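Remarks on the structure that follows.
Counting begins at 1 with the first residue of the sequence. Worth saying up front: this structure is predicted, and the values here are computed from it rather than measured.
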Amino acid sequence: MPGPLTVPAARRLPGRLTAPDPGWSTRADVVVIGSGIAGLTAALRLREHVEKVLVVTKDVLAAGSTQWAQGGIAAALGEGDTPEQHEVDTLVAGAGACDLDAVRVLVGEGPEAVHELIALGTRFDVDATGLLSLTREGGHLRDRIAHAGGDATGAEIQRALIAAVEAATDIEVVQHALAVDLLLGPDHGVAGVTLHVMGEGERDGIGAVHCRAVVLASGGLGQVFSQTTNPAVSTGDGMALALRAGATLRDLEFVQFHPTVMYLGPDSRGQQPLISEAVRGEGAFLVDADGDRLMTGVHELGDLAPRDVVAKAITRRMHETGRPHMWLDARHLGADFWERRFPTILATARRHGVDPVTEPIPVAPACHYASGGVRTDLWGRTDVAGLYATGEVACSGVHGANRLASNSLLEGLVFSRRIATVLPAELRPWAEPAPDTRPVGLVDCCVRQELQEVMTERVGVLRSAAGLAEAAGVLDELAGTPAATVDLGAWETTNLLTLATALTDAAARREETRGSHWREDHPDRDDARWAGHFDTRLDLRSADGAAALTFAPAPATDGGLGR
């Protein structure tokens, strides 16, 4: 088994972001960072048990990843379906790297959690008899995806949650605020958090919120790559903040690339239009330039194979043919079906000059979801006392090496409910922040594009020792570019560099192909050497901010379940 690896990261991983001293302060029992399904669910439940909850969101309440979730939310809701069947599908997709107990929590508590969303006011699509209309996505052997507005599930869930939060006058919301760093008490537990509020008035610029607990629900790291389905706010701020506070990041190498993202041209950057897997669930199929089906003979589930399988098949054919994309053919679904079932995707495709009713959609894989994140237990607790994590920022163990379609909304919902169950009884006493001796650092925002490009080219769908070493070298060079200005761009870029470095190091060490981690030079899965998890931690006592990457062996959890 591989042993510990100390990453020579004196420049690469700062222990604290360079920032002005706080110019204002306030107090709250619990600060929830993030306003998607995970954050708002936590806030709504916690308000019943603590005196004051403060929700911090980087943009407006609706600007996170939840609103972009098209396909739906997965749970064993249909006749004949069971949590045990959902468990099997999740473990198979996770390629042996799931935490079995976490998966059982997810699938067991999932149906009740979805019904709670309905009671809150979420309007899911129903059939002619009034029952939930369920569909299927890749990796699922049953129709268990509940959706809303055809392909606007996330937006409908976000609407219902925001309405509930706005009606709860005891929840304070601070919008347009970046969480910069945690304030740590004498025992290295949570004493507060510093924010940068991008506004005017009483709370503007850097301030401090003194609190007894922080719930991280800040989403993923999609902007590490040049093409992603993630919104612009997904710069990994919560993961980087947690790492700098002493928490463990687990499984960062497992980044899911969605196979069907609309291709907008070679120069397109940032958030790209997602073509939901549900389109294939309704009968669409992938073809190459000659019209030949891509997935025939590749996997028994064909076009509904797990996402890593489909992304690899598309990428292979792109390399074989020299084409920058493949095509998704859904013309046979017809105009009426498109307009009823996928109105949002239809409008988006037409806005970009493609009519799915009459022509195939050009698609290529793009960064979609981080299966790894801040390591938690089954109740959302991290290594840092008073710090909890939920949703995409967290690594609860349910996704393993490859997230099963539509399990992400469910994870945020289920584990936020669990955090709210235990946190009130675990509230820390109020504490003054201790003197902060963590090494500070900040890189210039001008390096962001080069960072994203090398991550896409060398740490994307296809990886190799040579490419990963090249990426690590480039990231080291970029880390030596000090920020000319202390501002939002520099903070975000430093967070991206921190996570890109940790991700690249973990990907270089995992010398196998597993789930969404595809090594061209190690094409096979190797349970004998690599069943387990890579963990990254910063040594808070180190003067140079060195990071330690260690391997935690664990039995493969999909034994005998493979399809």
Side-chain angles (χ1 to χ4, degrees), residues 37-38 41 69 71-120 122 124-148 153 157 256 276-278 280-282 299-309 369 371 378-379 390-391 396-418 421 515 555-563:
I37 189 173
T41 296
I73 186 167
L77 299 163
E79 183 178 356
D81 197 5
T82 66
E84 290 73 23
Q85 294 176 70
H86 190 184
E87 174 188 316
V88 169
D89 291 346
T90 299
L91 294 176
V92 170
C98 298
D99 180 291
L100 182 58
D101 291 334
V103 172
R104 287 177 174 166
V105 165
L106 180 81
V107 301
E109 298 180 13
E112 178 185 337
V114 173
H115 284 296
E116 185 176 277
L117 265 185
I118 295 171
L120 189 70
T122 305
F124 287 105
D125 296 336
V126 295
D127 61 22
T129 67
L131 296 176
L132 283 174
S133 177
L134 302 175
T135 190
R136 191 177 306 195
E137 293 185 351
H140 293 271
L141 293 186
R142 290 239 177 216
D143 292 348
R144 65 168 64 97
I145 313 301
H147 48 84
T153 311
I157 292 173
Q256 184 178 85
S276 171
E277 198 153 17
R280 282 177 284 137
E282 297 290 359
H299 192 278
E300 65 177 27
L301 294 180
D303 288 276
L304 285 177
R307 288 177 176 175
D308 65 303
V309 176
Y369 191 87
S371 294
L378 297 180
W379 300 94
T390 175
S396 67
V398 300
H399 303 307
N402 186 40
R403 176 180 69 98
L404 180 65
S406 288
N407 268 356
S408 54
L409 291 176
L410 190 69
E411 180 196 23
L413 186 62
V414 166
F415 285 90
S416 291
R417 295 166 85 239
R418 290 176 72 83
T421 300
T557 52
D558 64 342
L561 299 175
R563 293 196 283 265

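- Annotation: side chain of Ser276 is in contact with side chain of Glu137 (closest heavy-atom distance under 4.5 Å).
- Here the shortest heavy-atom pairing between Phe415 and Ala102 reads CZ-O, 3.9 Å.
- Partners of Asp308 according to the side chain to side chain contact (heavy atoms under 4.5 Å, CB included) rule, which considers only residues two or more places apart in sequence or in another chain, are Pro306, Lys312, Asn402.
- Arg142 has its side chain out of reach of Leu134: every pair of non-hydrogen atoms, C-beta onward, lies at least 4.5 Å apart.
- Scanning all heavy atoms of the two residues, the minimum distance from Arg403 to Ser408 falls at NH1-OG, 3.0 Å.
- Asp125 and His147 form a side-chain donor-acceptor contact under 3.5 Å, judged by distance and modelled atom types alone.
- Between Ser406 and Gly72, the shortest heavy-atom distance links the atoms OG-O, 3.1 Å.
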Going through the distances and angles, do Leu141 and Leu301 end up as a side chain to side chain contact (heavy atoms under 4.5 Å, CB included)? CA-CA 9 Å; Leu141 293 186; Leu301 294 180; 3.6 Å; yes
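- Here the closest heavy-atom approach between residue Ile37 and residue Leu409 is recorded as CD1-O, 3.5 Å.
- For residues 103-117, every residue pair satisfying the side chain to side chain donor-acceptor pair (under 3.5 Å) rule, not counting sequence neighbours, is listed here: Arg45-Glu116, Glu87-Arg104, Glu109-Arg418, Glu112-Arg417, Glu116-Arg417.
- With sequence neighbours left out, the side-chain hydrogen bond (donor to acceptor under 3.5 Å, both in side chains) criterion links Thr135 to Glu282.
- For Ala95, the side chain to side chain contact (heavy atoms under 4.5 Å, CB included) test picks out Ala401, Arg514, Arg525, with sequence neighbours left out.
- Here CD1 of Ile145 is found 9.5 Å from CG of Leu77. Values are rounded to the nearest 0.5 Å.
- Contact detail for Pro111 and Ala76: the closest heavy-atom pair is CG-O, 3.7 Å.
- Proximity of Val114 to Ile73: side-chain heavy atoms (C-beta onward) are separated by under 4.5 Å at one or more points.
- In this structure, the salt bridge (Lys or Arg N to Asp or Glu O under 4.0 Å) partners of Asp143, at least two apart in sequence or on a different chain, are Arg136.
- Ser416 meets the side chain to side chain contact (heavy atoms under 4.5 Å, CB included) test with Ala38, Thr41, Ala42, Thr390; sequence neighbours excluded.
- Here Thr82 pairs with Glu84, Gln85 under the side chain to side chain contact (heavy atoms under 4.5 Å, CB included) rule; sequence neighbours left out.
- Without hydrogens or angle criteria, Thr122 side chain to Ile157 main chain gives no donor-acceptor distance under 3.5 Å.
- Scanning for salt bridge (Lys or Arg N to Asp or Glu O under 4.0 Å) contacts around Asp81 gives Arg144, with sequence neighbours left out.
- Proximity of Leu91 to Leu100: side-chain heavy atoms (C-beta onward) are separated by under 4.5 Å at one or more points.
- Checking His399 against Gln256 by side-chain atom types alone, no donor-acceptor pair falls below 3.5 Å.
- Scanning both residues, Glu411 and Ser396, for their nearest heavy atoms gives OE2-OG, 2.6 Å.
- Checked options Asn407, Asp558, Thr557; the residue passing with Thr90 is Asn407 (criterion: side chain to side chain donor-acceptor pair (under 3.5 Å)).
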